[in-house]
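Every value quoted in this text rests on a predicted model; they were computed, and no experiment measured them.
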Amino acid sequence: MTLLLVSDGGLERSACVLIAQALDHQGLQCITAGPPLQGHQPLATATPQLSIEVQQLAAHPLLDQVTAIGLFLQDPNQVQRFIQTYQGLCSACGRTAATLFSGPLVPLVGDALIRDLSLRLGCDLLLVSGEHQRRQLESLTFNWPASLRLPPVISTGFWFPQAEACATADQPLLLALIQERIPTHIGAREQLLRQLNTWARQRPDWTVMLQRDHSWDPTTVLLPNDVPLADNLVEAAPRQLLPLLGSCKACLTVSSPWSLAAMTWGRIPIIVGDYGIHDEQNTTGFFGSGAMHRLRSIPHLDAINDLPLANQAWLAGMGGEITDGPNRLMNALNALEHRAKR
């Protein structure tokens, strides 16, 4: 069996590399493909073996030689367009299409989960993070008409290293994951950065590290320039996300999915609850995590020591209990291949 793993973003590429490494150990050939990533990246990720724009990939001759294609793209609309183009070309050429699998790499719930599913219905296999997502999909689709084919769904866990990247730093470190478009309220991100600066000035024995969880232009300014900045408020260098998640004592964000790595590795999570539980903030999935706190409830950084770890039952249901994701994927693909031969 030969797999082609397609990605176009940092999180997606990191997941594809981990899948390829795990399946290579089991004797499967995995080829990674996708466009070059632009700008500074939070993750240190390998260059794909095939560098190509996603729009050009459907007609590439390599696709005639693969058994299955995994589509891990930032925009699920791109998944749908690729499927239509690729399957249309296969039909026109009279050849059998490879098995297609895809899924969100973050635990979605409710409306967000069903919206994402609707854009991946052309796949032969759907991946979700945890049993909570799989059961939700069963509930949300049980009354669908028979004409609307639902692909098999498997839960494969989180796609980041299970072992923490490094030990906690000696000096307490608060890692703040700064998102590209969240919080969405006007001026909210600037307000959050000012609060982090205030905390840092109050407790110079802490380090407050600002880590963007997305790619960024090197010329883009993150820190506000209208107030004096604390010496211990630091902006992270590129490609340091995983080491910082490992070395931090606590991880703060509005809704970055990378906070799940911090939770899994036993770090104190702070999901900023000031903006509510809303789809537009991507915070609905954190309901039940036990990690949501308002900024005003934390008077200073030392108070973080009294905050709880994530709700372990919630984390397990979201995918934290699954440690054999690549095996589950391989077994599901083998089952589909066996069914197709019957």
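To the nearest 0.5 angstrom, Leu174 atom CG is 9.0 Å from Leu210 atom CG. How far CG of Asp274 is from CE of Met292: 9.0 Å, rounded to the nearest 0.5 Å. How far CD of Gln29 is from OG1 of Thr67: 9.0 Å, rounded to the nearest 0.5 Å. With values rounded to the nearest 0.5 angstrom, Gln281 atom CD is found 12.5 Å from Phe286 atom CZ. If you take CG on Asp213 and OG on Ser259, they are separated by 9.0 Å, rounding to the nearest 0.5 Å. To the nearest 0.5 Å, atoms CD (Gln179) and OG1 (Thr184) are separated by 10.5 Å.
Checked by atom type, the side-chain pair Asn282/Ser255 shows no donor-acceptor distance below 3.5 Å. Side-chain contact of Gln84 with Arg81: a donor-acceptor pair under 3.5 Å is absent, judged by distance alone. Checking Glu131 against Ser155 by side-chain atom types alone, a donor-acceptor pair falls below 3.5 Å.
Judged purely by atom type and a 3.5 angstrom limit, Ser215 has no side-chain atom pairing as donor or acceptor with the backbone of Gly39. Using modelled atom types, one side-chain atom of Thr198 and one backbone atom of Arg194 make a donor-acceptor pair closer than 3.5 Å. Distance alone, capped at 3.5 Å, places no donor-acceptor pair between the His278 side chain and the Glu280 backbone. Side-chain atoms of Thr264 come within 3.5 Å of backbone N or O of Leu260 as a donor-acceptor pair. The closest donor-acceptor contact from the side chain of Thr283 to the backbone of Gly276 lies under 3.5 Å. The backbone N or O of Asn327 sits nowhere less than 3.5 Å from a side-chain atom of Asp324 that would complete a donor-acceptor pair. Listed for the Arg267 side chain is a donor-acceptor partner under 3.5 Å among the backbone atoms of Trp265. Side-chain atoms of Glu53 never come within 3.5 Å of backbone atoms of Pro35 as a donor-acceptor pair (strictly under, hydrogens ignored).
Here the side chains of Phe160 and Leu241 are not in contact, with every heavy-atom distance at 4.5 Å or above. Within the 4.5 Å cutoff, the side chain of Leu23 has no heavy atoms near those of the Met1 side chain. Residues Pro326 and Gln21 have side chains not in contact (no heavy-atom distance under 4.5 Å, counting atoms from C-beta outward). Inter-residue side-chain proximity for Phe158 and Met263 is flagged as unmet; no heavy-atom pair is nearer than 4.5 Å. Side-chain contact between Ile322 and Arg328: present, with at least one pair of heavy atoms (C-beta onward) separated by less than 4.5 Å. A heavy-atom distance below 4.5 Å is found between the side chains of Leu192 and Leu252. Taking 4.5 Å as the limit, every side-chain heavy atom of Gln74 sits out of range of all side-chain heavy atoms of Leu11. Put simply, the side chain of Arg13 reaches to within 4.5 Å of the side chain of Pro48, judged on heavy atoms.
Counted within 6.0 Å of CZ on Arg149, heavy atoms from surrounding residues, nucleotides or ligands total more than 12; the atom is thus considered enclosed. Counting non-hydrogen atoms of neighbouring residues, nucleotides and ligands closer than 6.0 angstrom, the CG atom of Asp205 exceeds 12 such neighbours. No more than 12 heavy atoms of other residues, nucleotides or ligands shown are found within 6.0 angstrom of CG on Asp170.
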Assess whether side chain to side chain contact (heavy atoms under 4.5 Å, CB included) is satisfied between Gln312 and Leu315, documenting all intermediate values.
CA-CA 5 Å; Gln312 295 303 296; Leu315 187 61; 4.1 Å; yes
Run the side chain to side chain contact (heavy atoms under 4.5 Å, CB included) check on Leu3 and Ile31 step by step: do they pass?
CA-CA 6 Å; Leu3 272 62; Ile31 303 167; over 6 Å; no
Test log, rule side chain to side chain contact (heavy atoms under 4.5 Å, CB included), inputs Leu333 and Leu125:
CA-CA 8 Å; Leu333 291 173; Leu125 178 67; 4.0 Å; yes
Take Arg134 and Glu138 through the salt bridge (charged side-chain N to carboxylate O under 4.0 Å, His left out) test and state the conclusion after the steps.
CA-CA 6 Å; Arg134 191 186 63 78; Glu138 282 184 354; 2.8 Å; yes
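For Arg212, the salt bridge (Lys or Arg N to Asp or Glu O under 4.0 Å) partners at least two apart in sequence or on another chain are Glu235. For Arg135, the salt bridge (Lys or Arg N to Asp or Glu O under 4.0 Å) criterion is met by no residue, not counting sequence neighbours.
A single hydrophobic cluster is seen to contain both Leu127 and Ile19, as judged by linkage of ILVMFWY side chains at heavy-atom distances under 4.5 Å, directly or through other members. Note: the hydrophobic cluster containing Leu121 does not contain Val6 (ILVMFWY, side chain heavy atoms under 4.5 Å, direct or indirect links). Placement of Leu295 and Val254 within a single hydrophobic cluster is found when ILVMFWY residues are connected by side-chain heavy-atom separations under 4.5 Å, directly or transitively. In terms of hydrophobic clustering, with Ile, Leu, Val, Met, Phe, Trp and Tyr side chains grouped at heavy-atom distances under 4.5 Å, Met318 and Leu126 are assigned to a common cluster. Under the 4.5 Å side-chain contact rule for hydrophobic residues, Leu28 and Leu18 do not share a cluster.
Contact record, Trp206 with Asn232: O-ND2, 2.7 Å, taken as the closest heavy-atom pair. Scanning all heavy atoms of the two residues, the minimum distance from Pro243 to Gln240 falls at CD-O, 3.2 Å. Of all non-hydrogen atoms in Cys16 and Phe72, the two that sit nearest each other are SG-CD1, 3.6 Å. Nearest approach of Gln211 to Ala236, heavy atoms of both residues: OE1-CB, 3.3 Å. For the residue pair Ala33 and Ile52, the shortest heavy atom distance occurs at CB-CG2, 4.5 Å. Across all non-hydrogen atoms, the minimal contact from Thr156 to Ile154 is CG2-CD1, 3.7 Å.
Between His214 and Trp216, the ring planes lie perpendicular to each other; the angle is over 60°, past the 30° to 60° tilted range.
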Please table the atom pairs, donor to acceptor, closer than 3.5 Å between any side-chain atom in residues 98-120 and protein atoms at least two apart or in another chain.
| from | atom 1 | to | atom 2 | distance (Å) |
| --- | --- | --- | --- | --- |
| Ser102 | OG | Leu71 | O | 2.6 |
| Ser102 | OG | Arg120 | NH1 | 2.6 |
| Asp116 | OD1 | Arg120 | NE | 2.6 |
| Asp116 | OD1 | Arg120 | NH2 | 3.4 |
| Asp116 | OD2 | Arg120 | NH2 | 3.0 |
| Ser118 | OG | Arg115 | O | 2.6 |

